[in-house]
Amino acid sequence: QLYETCRNCQRCALADTRTNLVFGDGCPDTPIMFIGEGPGEQEDKQGLPFVGRAGQLLDQMLDIIDLDRSKYYICNIVKCRPPRNRDPLNLEQDACIGWLNEQIRIIQPKIIVCLGRIAACRLIRDDYKITREHGQWVQKNGVWLTAIYHPSALLRDESKRPETFDDLKSIRSKLKECT
Ligand code: URA
């Protein structure tokens with residue numbers, strides 16, 4: 001029902017340029033959600049999150065800790081593609097966040113993993129420093145939150161991958177602890 005309502009959303013100008021709204025993918029009956037910033041070109045075309053190059057890398061990374069989309073839910077802060085993949089504006093995030101809050105309310109995850117700075121600033125703390133704080137855990141309203149580098153950042157800078165591997169192991173431990 002939420003998807004059906006969201007599908008026709010016109011709350012911000014991104015509605016005018018989208019091909020498809022990208023609601024989310026994976027298993028809604030899960031203890032763990034991954035949240036990125038917003039759809040890119042491939043996601044906009046297919047209507048699914050993280051299906052482009054960054055998504056392929058994310059799939060490979062999560063496979064290392066034995067997670068695939070039958071075991072987690074994945075979506076974004078904004079559900080429509082920002083033109084030329086620019087960062088989503090605060091105005092757009094504000095217009096869209098209600099949908100995400102509803103998704104979180106329905107799924108009731110025990111763990112939320114922010115993918116990159118934009119999601120971390122929105123969901124953890126507005127002055128979150130991804131370089132310094134990635135992999136750390138905070139608890140908010142009974143939910144454990146952490147952030148890892150966005151897979152696009154790992155495509156640009158491979159030197160960040162070992163740290164992300166440590167963060168993934170920490171996510172695996174937290175998931176064991178919580179389930
Ligand atoms: N980057 C994101 O943040 N989200 C996607 O769905 C794809 C790329």
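Note that this is a predicted model, so its numbers are computed, not measured. Remember, it's 1-based here, ligands and their atoms both numbered in the order they're listed.
With respect to the salt-bridge test (charged N to carboxylate O, under 4.0 angstrom), the residues Lys160 and Glu163 do not qualify. Here Arg122 does not pair with Glu37 in a salt bridge; the nearest charged N to carboxylate O distance is not below 4.0 Å. Ion pairing of Arg69 with Asp59 is present here, as a side-chain N (NZ or NE/NH1/NH2) and a carboxylate O approach within less than 4.0 Å.
Of the heavy atoms in Glu43, only side-chain atoms (C-beta onward) come closer than 4.0 Å to ligand 1.
Residue-ligand proximity: His150 is placed with a non-hydrogen atom under 4.0 Å from ligand 1. Residue Gly38 places a heavy atom under 4.0 Å from ligand 1.
For ligand 1, the polar-atom distance check against Pro39 finds no nitrogen or oxygen pair separated by under 3.5 Å. The shortest N/O to N/O separation between Asn76 and ligand 1 falls below 3.5 Å.
Annotation: side chain of Cys75 is in contact with side chain of Gln103 (closest heavy-atom distance under 4.5 Å). Taking the side chain as every heavy atom from C-beta outward, Cys27 and Lys71 never approach each other to under 4.5 Å.
Of all the atoms in ligand 1, the ones that sit under 4.0 Å from a non-hydrogen atom of Pro49 are 6 (O).
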